[in-house]
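Contents: one structure, followed by commentary.
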Amino acid sequence: MSTTPPYPDAPGYGGSPAAQTNTLAVVSLVSAIVGMLLVPLIGSIVAVITGHMSLGQLKTSGEQGHGLALAGTIIGWVGIGAAVLGIILLAIFLPLFFTAVATTTPVS
């Protein structure tokens, strides 16, 4: 008596697709990181603008990326604050440096 092996189970359906991540949220986070590392003021401004736009879009759409948009916005504001602070410090200490250099006597 020979027994035939049972047929394999039918493959299941894939289920529901994952929700997409908002593109502006990703752009916000990437530009915030670039703003902190390479292009201080411009990257941070782009991060803040795209982060706020993304947060507005996420309220009405079913996309993911709220954390990315929020992180990009926060890092962007920190980058803008650091750039403004750096410009203020540069404006204060650069004239002091030049006056100190101009008033020193050369060593002969």
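Just so it is clear, the structure is predicted and the values come from calculations on it, not from any experiment. If you read the sequence from its start, that first residue is 1, and numbering goes on from there.
Atom CG in Leu70 sits 9.5 Å away from atom NE2 in His52 (nearest 0.5 Å). How far OG of Ser28 is from CD1 of Ile75: 8.5 Å, rounded to the nearest 0.5 Å.
The shortest side-chain heavy-atom distance between Thr50 and Ser54 does not fall under the 4.5 Å cut-off.
Listed here is the closest heavy atom pair of Gly76 and Ala32: N-CB, 4.1 Å. Here the shortest heavy-atom pairing between Pro95 and Ile92 reads CD-O, 3.6 Å. Closest approach of Thr21 to Gly65, counting heavy atoms only: CG2-CA, 4.1 Å. Here the closest non-hydrogen pair linking Asn22 and Glu63 is ND2-OE1, 3.1 Å. Between Val48 and Thr73, the shortest heavy-atom contact is CG2-O, 4.0 Å. When all heavy atoms of Val26 and Leu68 are compared, the pair lying nearest together is CG2-CD1, 4.0 Å.
One hydrophobic cluster, built from ILVMFWY side chains closer than 4.5 Å, cannot hold both Leu29 and Ile45; they sit in different ones. In the hydrophobic clustering of this structure, Leu90 does not group with Leu85; members are Ile, Leu, Val, Met, Phe, Trp, Tyr whose side-chain heavy atoms approach within less than 4.5 Å, directly or through other members. Under a hydrophobic clustering in which Ile, Leu, Val, Met, Phe, Trp and Tyr are joined whenever their side-chain heavy atoms come within less than 4.5 Å, directly or via other members, Ile49 and Leu24 fall into the same cluster. Ile33 and Val78 fall within the same hydrophobic cluster, where Ile, Leu, Val, Met, Phe, Trp and Tyr residues are linked whenever their side-chain heavy atoms come under 4.5 Å apart, directly or through other members. If you chain together hydrophobic residues whose side chains sit under 4.5 Å apart, Val39 and Leu37 fall into the same group.
Listed for the Thr99 side chain is a donor-acceptor partner under 3.5 Å among the backbone atoms of Leu96.
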